[in-house]
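First up is the structure itself, then whatever we jot down about it.
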4 protein chains.
Amino acid sequence: MPKATFLNLPEEKKNLITEILIKHFATKPYHLVDISDVAKECRVAKGSMYQYFENKKDMYFYAIEVAYERFLQFLEKMDMVYVNILDYYENSLERVWVAMKDLRHEYMLLERAFFSHDSPFKDEINEKFLKKSRDFLIEIIKYNQKQGFIRDDVDPLIIGIYLEGASFYMKKFVVEKALNSTGTTTLELDISYFKDSLSQFMKLLKEGIAKK
Amino acid sequence: MPKATFLNLPEEKKNLITEILIKHFATKPYHLVDISDVAKECRVAKGSMYQYFENKKDMYFYAIEVAYERFLQFLEKMDMVYVNILDYYENSLERVWVAMKDLRHEYMLLERAFFSHDSPFKDEINEKFLKKSRDFLIEIIKYNQKQGFIRDDVDPLIIGIYLEGASFYMKKFVVEKALNSTGTTTLELDISYFKDSLSQFMKLLKEGIAKK
Amino acid sequence: MPKATFLNLPEEKKNLITEILIKHFATKPYHLVDISDVAKECRVAKGSMYQYFENKKDMYFYAIEVAYERFLQFLEKMDMVYVNILDYYENSLERVWVAMKDLRHEYMLLERAFFSHDSPFKDEINEKFLKKSRDFLIEIIKYNQKQGFIRDDVDPLIIGIYLEGASFYMKKFVVEKALNSTGTTTLELDISYFKDSLSQFMKLLKEGIAKK
Amino acid sequence: MPKATFLNLPEEKKNLITEILIKHFATKPYHLVDISDVAKECRVAKGSMYQYFENKKDMYFYAIEVAYERFLQFLEKMDMVYVNILDYYENSLERVWVAMKDLRHEYMLLERAFFSHDSPFKDEINEKFLKKSRDFLIEIIKYNQKQGFIRDDVDPLIIGIYLEGASFYMKKFVVEKALNSTGTTTLELDISYFKDSLSQFMKLLKEGIAKK
DNA sequence: GATGAATGAGCGTTCATTCAT
DNA sequence: AATGAATGAACGCTCATTCAT
């Protein structure tokens, strides 16, 4: 947790530091993030960073937390249980690339922290943020099967893997496209292109690739 | 590229070093691989490693190269173009877990090097190993569409992403299960369990999750 | 020397800061005393401590000075010259543990500052506080010899060392016992136990350990 | 424990480093010993010190160990149990100042490590080196009482404190005299002066200071 | 005068790489 | 060619002190 010193900082400065922390932890693996660099970019002495935070890990967790909170508002994950999962994925994917305009680094950081094999403190992060993530998905799938939204002749676990994998790659594709098509300041995506891609992708999720 | 000194080494020693390099780079992120440890495990002086290789990166690329070649022989990727892609995926997945018995570390290394966000020298690796990987898959998909093996009303690129993602996660799932269920020496998988999982997964690929 | 700013402080606040300074310098070696901690415990800004004192060393010396003065009042060292030294030691020891109730930290600080090898600024402290301490003791011993209170066939210097050493260790023993047998708030010593120990100790001082 | 790298060093270099480590840890408190300084004085890169030792603490314990072993040879502490304690102290003190010629820093280091209140790792050091030091002394005293060498009308614990204290101060006095009377290279003590002081001191131990 | 954020020198430690033997 | 000791840049972190408000 950031120290009081940080929380008392003028909003503007706090935001600057938050942004820079998220950016650094999003674009480099943990061990390559150099507090000296971060401090320099914040136009602050290295020592000051340690007035604001307990240590590097504290900065990392703070960055994740802010990114996570920002992201949750987009996903509104919490009210998704009793929902048609096909609708959910459709909306989820759409939300993701809309989010990319503002939440590019947040997204990258979370992916890194939650999914990278080499993410340090992974257990702690899972404990704090993701504990029942897959179990949760399984529940949703079961519910959808019961409701007759999706087929019930396949093991929920396998469906879960299938969904996570395909959609994760799709998100990745969207994100990379988005990132490549930008300079550093603006992010103007051709939404319509993605919309189209998305509807095709959803068709695959629903119907598979087999010749109809 | 390894130096001549390395290539002139007795086969046995060369193999030992190769194995250990692959193991280390497979099980730890690049920056955590300690040349001291590697050398010690090879029963070779640290300095000797630098007689054999230009530097750490050279060792890393050598390990990837060997792992890649070994893996290709399993996948026989080269003659898969004119193949029913559904058959291919079915077989591909099966091959992967068969391969796990002998190629566990090779597989882990490649996954790390090719897909991990934090893989250092990623661009160079892509350049060297994967450049046309996706283009290649697209070609296969197009061919399959032309042959009428798979639906042709969806953009080949989207199908590619969908296939890569879902199957990558499925592979991951298999691999993790396999790794967790092993001690250090033997690797006895309950193949039948995976066979069953696989056939369900293939059903999803072919038909999607929509209620039939 | 504390700055005027400090001296002008309301008595209560001044006392609080004094107490806390003594406590910190008494219970930790100099370099482990953290001005941040001290300030926090004084409910004063860190910067304020530097309005009151020149620097850390200034705080240290101020603490020693106060502790020394308080201690001197117990020992009434000044009128002890023309005294039977055996009586003096007997009383001195008794006084020490009586003093422990109120002057625990003062005593610990002085011991640390005067006798610990690692006391910083030791020379300066000696200069300021102890300069003639041993010379003074020698004088007392000579006087006692002349009066026939103690044997005169041994060099006063040797007697001085003998007395200082034995009694210092005895004090230490008493102090440690006392400190160990206390919680944080009360200090109820079993005086009678120490009284008994003391009288035995005095016997040794007077008669030595030789079989009588 | 020093690493193999250190033990494999040429004897001369090893000795140089050992000497310098002992000197530094003997003359400064632990936290003021700067590995940079030590390395510089050893004419070795800072990093090399970490090839030789695990960490600073390892260097410290190594220095203590060497100093302790050297010292033990002088004290031959082990065969002192069944001995007239008066003889022992007489000899012990004599040995100490003879030792000072060669073991000045060793002695200072041990005193610091074993007796200073602020010695870091004190418990560990006690565990390793001193565990039953006082208990041991008590046993000796009891034995001496039984043998009729010393008075048995005083609690052995009190005698122990008395002996430790008086003789520790006497040793200190000898050591300081010795250290003050030297330049940096030679240490020529006027042994006869100390011999005389010693016999007077022993008289006090045996007979006390009371007028006979 | 009080505040508490800002500073920066300096410490212990790591590790890829070099180099003398 | 093989060795393994030597190197030194760089990192995370601490804390007495300063300084702007």
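Keep in mind that the numbers below use all heavy atoms, side chains included, and drop hydrogens, waters and symmetry copies. In what follows, chains carry the letters A, B, and so on, assigned in the order in which the sequence lines appear, proteins first and then strands, with residues in each chain numbered from 1.
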Residue closer to the 5' end of DNA chain F, Leu9(D) versus Asp34(A) (nearest nucleotide): Leu9(D)

d(CD1, Ile17(C); P, dG1(E)) in whole Å: 14 Å

By side chain to side chain donor-acceptor pair (under 3.5 Å) - contacts of Ser48(D) (at least two apart): none

Sugar-phosphate, base or nothing in reach of Val33(A), heavy atoms under 4.0 Å: sugar-phosphate

Rounded distance in Å - CG (Leu32(A)) to C1' (dG12(F)): 14 Å

OP1 or OP2 of dG4(E) under 4.0 Å from side-chain N/O of Thr5(A): no

Tyr52(D) vs Tyr62(D), side-chain contact (heavy atoms from CB on, under 4.5 Å): CA-CA, chis, key distance, verdict: CA-CA 11 Å; Tyr52(D) 304 150; Tyr62(D) 169 72; over 6 Å; no

Over 12 non-hydrogen atoms of neighbours within 6.0 angstrom of CG in Asp123(A): no

Under 3.5 Å, which protein N or O atoms sit close to an N or O of nucleotides 17-21 of chain E? Give each pair with its distance.
| unit_1 | atom_1 | unit_2 | atom_2 | d |
| --- | --- | --- | --- | --- |
| dT17(E) | OP2 | Tyr50(B) | OH | 3.1 |
| dT17(E) | OP2 | Lys56(B) | N | 3.0 |
| dT17(E) | O4 | Lys46(B) | NZ | 3.3 |

Rounded distance (Å) that lies between atom P of dA2(F) and atom CZ of Arg43(B): 17 Å

Sugar-phosphate only, base, or nothing, as touched by Phe53(D) at under 4.0 Å among non-hydrogen atoms: nothing

Residue met sooner reading DNA chain E from 5', once Ser48(A) and His31(D) are mapped to nucleotides: Ser48(A)

Value rounded to 0.5 Å, distance of CD1 in Ile125(A) from CD1 in Ile64(A): 3.5 Å

Rounded distance in Å - NZ (Lys3(D)) to C1' (dA6(F)): 13 Å

Lys57(B) NZ/CZ over Phe61(B) ring centroid, <6.0 Å and within 45° of normal: yes

Secondary structure string for DNA chain F (Watson-Crick or G-U under 3.5 angstrom, | for other-strand pairs): .||||||||||||||||||||

Side-chain ion pair, Arg70(C) and Glu19(C), N-O less than 4.0 Å: yes

Distance, rounded to the nearest Å, where Lys40(D) contributes NZ and dG10(E) contributes P: 11 Å

Gap between atoms CG and P, on Asp37(C) and dG4(E) respectively (whole Å): 16 Å

Flag if over 12 foreign heavy atoms under 6.0 Å of NZ, Lys40(C): no

Lys/Arg cation over aromatic Phe53(D): Lys3(D), 6.0 Å, 45° cone: no

First of Tyr30(A) and Lys13(D) reached from the 5' end of DNA chain F, by closest nucleotide: Lys13(D)

His24(A)-Glu41(A) side chain donor-acceptor pair, cut-off 3.5 Å: yes

d(CG, Leu21(A); P, dG12(F)) in whole Å: 13 Å

Under 4.0 angstrom between Asn8(A) side-chain N/O and dG4(E) OP1 or OP2: no

Separation between CG of Leu109(A) and OG1 of Thr27(A), rounded to the nearest 0.5 Å: 9.5 Å

Under-4.0 Å side-chain N/O to phosphate OP1/OP2 contact, Tyr52(B) with dA1(F): no

